[in-house]
Amino acid sequence: MSAMPEPFLGAAANDADSQETREWLDALSGVIAAQGPHRAHFLIEQLLEHARQAGIDMPFSANTAYVNTIPTDQEERCPGNLEIEERLRAYMRWNAMAMVVKANRLNPADGGDLGGHISSFASLATMFGAGFNHFWHAENEGHGGDLLYIQGHSSPGIYARAFMEGRISEEQLLNFRQEVEGRGISSYPHPKLMPEFWQFPTVSMGLGPLMSIYQARFLKYLHARGIANTENRKVWVFCGDGEMDEPESLGAIGLAAREKLDNLIFVINCNLQRLDGPVRGNGKIIQELESEFRGSGWNVIKLLWGNYWDPLLARDKDEILRKVMMDTVDGDYQAMKANDGAFVRKNFFGRHPKLLEMVAKMSDEDIWRLQRGGHDPQKVYAAYHRAVHHKGQPTVLLIKTVKGFGMGKIGEGKNTAHQTKKLVDEDVKTFRDRFNIPIPDDRLQDIPFYKPADDTPEMRYLQARREALGGFLPKRRTRADEQFVVPSLETFKAVLEPTVQGREISTTQAYVRFLTQLLREKELGPRVVPILVDEARTFGMEGLFRQIGIYNPDGQKYTPVDKDQVMYYKEDKAGQILQEGINEAGGMSSWIAAATSYSTNNRIMVPFYV
């Protein structure tokens, strides 16, 4: 008779023949050990299909256990100096905090505060560090450059890094959100406000995820048409878990899977909180997002737990810890990080006597150090590495963090974290001590920025990592290297002159004739991007289908019903038309990707939205 409480038995409570179940599980374990996970996966798929054919009801679930997707023994090891990277992150955390707090101590004459955000970058710092140090390529001779959609509220952390790199001055940091006189830096990422720095606007929230999908698709389009080699470039998109409630955030994820955009990586910062409170207090936002993305055909990688959890999970032979992890709702997880180790011992491990026994020899401080996966640089590196090397699907990384990590009692895990931008001297001292910033007590009131000397190991490492990846990011190109001659008006003579009968034509007819003529131009014609939202026939443009083809990465695997007609519906791997279907938001996103191609791809494109 098992001593395990009945609620923890799960499916085993209804097992009519536990011996047979054990034999099946042992057989599967034998296959995994002898022939590997791919063979095991094949056999499971065959069994499931056989069960379906036999009429057995097969409930579908796109969810996996509430643990890391990548087992510890399969993690790619980070080649960097993690000790130096930790110190650099600490300095950037400090400078980001100092910039926001100093801005909100100005007390302008017209009242109000300048605002800004500390807690978002606090939860993202490790993820940004891994990307900047090891993965994100700048445009250089051998690489077209990766594209970064930065989570808008984390901009102080990006400025803090640029300050360390020598790209942003202390005067600019002191003028955060005060760019009217041209000396400051903008609140959020926007190329209009900082044209040589930010690549893309990502606020309002939801626009970044939507536009990034079409940006990734446009890279594939350019490559397929032979206009630019984009095969080694990635589009990285940082979103918040609360941001995914915006309809635009998830609205085009089906397109990304359908077109196999393996150059696209979503990183969703799952700190479980939005501006006012928990994202899913009564549920689990990570599990919800996993099912959304996996169901849409994405590769899903979950990173939930840091390395201090690994020994506990290895000892979890009865899977009690895994069940408690799954059963604990996000509202409770938030409370765990808003309190202390004693609270976690009582309210998490205290849910089962065996778990209390598991941590009996751990102090409350040890339990408090059981960090979330997004704050573990080795595990973040391993997740990124797997995402970068995955083929045939877009990848989403669901990474669990703590909002306001390092802010202590004033903000860490608190509902007020997003709005916390004024720290009193004691909070600043706590922040300094936690991250070991070398600033003496007598200077703390001024909250000075900190930057080591250029010849220190940290600064040499910082510069060397970006040099190895081709240069600094974010960075925006303002002009393309190439130029085109605008066709003369003589080219459009047939459109501009009246008909033989002297009859006027409609503006729609004139537009179509103009576009058709432009497409025939030897130099500029191939750079024209007609973007259709399922209205080509409405405007008499169906002749373009066969003339230049509709882009489809799979080509045309079927025989179109109108193949016997001159203007049949032709899809082609190198097609020029972007047919978006009944999707105006997608059409506009494609237009933006094409119109800004001079900057993102060093290729001038001329989009027409129809």
Side-chain angles (χ1 to χ4, degrees), residues 144 214-215 217-231 477-501 503-553 555-556 560 565-581 584 586-610:
Y214 288 87
Q215 187 71 246
R217 197 268 293 265
F218 196 72
L219 292 183
K220 296 279 190 179
Y221 169 88
L222 290 176
H223 191 83
R225 294 192 56 219
I227 294 173
N229 182 355
T230 64
E231 62 183 350
R477 168 186 287 275
T478 58
R479 294 181 65 88
D481 291 333
E482 61 184 11
Q483 292 182 334
F484 289 94
V485 176
V486 177
S488 67
L489 288 178
E490 183 68 21
T491 305
F492 308 103
K493 183 177 179 181
V495 181
L496 297 172
E497 292 186 349
T499 63
V500 176
Q501 299 83 2
R503 178 169 53 85
E504 292 183 350
I505 62 174
S506 69
T507 53
T508 301
Q509 286 179 301
Y511 178 83
V512 174
R513 291 183 184 181
F514 159 78
L515 185 58
T516 302
Q517 190 62 42
L518 186 61
L519 285 164
R520 292 172 181 161
E521 274 289 298
K522 182 179 179 180
E523 296 292 329
L524 201 55
R527 300 304 183 91
V528 172
V529 185
I531 300 169
L532 309 178
V533 287
D534 211 32
E535 291 280 12
R537 297 185 191 278
T538 304
F539 298 116
M541 299 178 64
E542 61 268 34
L544 296 179
F545 293 160
R546 184 174 181 182
Q547 178 184 337
I548 57 176
I550 299 165
Y551 171 70
N552 190 312
Q556 193 161 37
Q565 299 178 22
V566 174
M567 298 182 289
Y568 70 88
Y569 196 82
K570 178 186 176 184
E571 298 188 73
D572 191 280
K573 291 182 179 180
Q576 192 166 351
I577 296 169
L578 290 176
Q579 170 62 277
E580 305 299 352
E584 293 183 355
M588 183 53 66
S589 295
S590 280
W591 189 93
I592 292 170
T596 58
S597 180
Y598 73 93
S599 175
T600 54
N601 305 301
N602 198 21
R603 296 292 187 274
I604 295 172
M605 305 298 289
V606 186
F608 288 86
Y609 179 102
V610 182

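Taking every heavy atom of both residues into account, Tyr609 and Tyr511 meet most closely at O-OH, 3.9 Å. The two residues Leu532 and Ala536 come nearest to each other via the heavy atoms CD1-CB, 3.7 Å. Shortest non-hydrogen contact noted between Gly540 and Val512 is O-CG1, 4.0 Å. For the pair Pro607 and Ala595, the tightest heavy-atom approach, listed with the atom from each and the gap, is CG-N, 3.7 Å. Residues Met605 and Ala594 come closest through the heavy atom pair CB-O, 3.6 Å. Considering every non-hydrogen atom in both Ile531 and Ser590, the closest pair reads CD1-C, 3.8 Å.
You'll find the side chain of His223 reaches within 4.5 Å of the side chain of Asn229, heavy atoms only. Counting heavy atoms from C-beta on, the side chains of Pro560 and Lys570 never come closer than 4.5 Å. Counting heavy atoms from C-beta outward, Pro530 and Ile548 have side chains that approach closer than 4.5 Å.
Side-chain N or O atoms of Arg603 include none that pairs as donor or acceptor with a backbone N or O of Ala228 at under 3.5 Å. Here the side chain of Tyr221 pairs no donor or acceptor atom with the backbone of Ile577 at under 3.5 angstrom. The closest donor-acceptor contact from the side chain of Asp481 to the backbone of Asn602 lies at 3.5 Å or more, if one exists at all. With Gln556 contributing its side chain and Tyr569 its backbone, the two residues share a donor-acceptor pair below 3.5 Å.
Rounded to the nearest 0.5 angstrom, Leu544 CG and Gln579 CD are separated by 11.5 Å. The distance from atom OG1 of Thr596 to atom CG of Asn601, rounded to the nearest 0.5 Å, is 7.5 Å. In this structure, OG on Ser597 lies 7.5 Å from CD on Gln215, to the nearest 0.5 angstrom. Considering OG1 of Thr507 and CZ of Phe514, their distance stands at 13.5 Å, rounded to 0.5 Å. Within the model, atoms CD of Glu231 and NZ of Lys220 stand 9.0 Å from one another, a figure rounded to the nearest 0.5 Å. Between the CG atom of Leu578 and the OH atom of Tyr214 there is a distance of 10.0 Å, given to the nearest 0.5 Å.
The side-chain hydrogen bond (donor to acceptor under 3.5 Å, both in side chains) pairs that include a residue from residues 531-551 are Glu535-Thr538, where partners are two or more places apart or lie in different chains.
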Side-chain donor-acceptor pairs of residues 517-528 under 3.5 Å, sequence neighbours excluded:
residue, atom, partner, partner atom, Å
Arg527, NH1, Glu482, OE2, 2.6
Arg527, NH1, Ile604, O, 3.0
Arg527, NH2, Glu482, OE1, 3.2

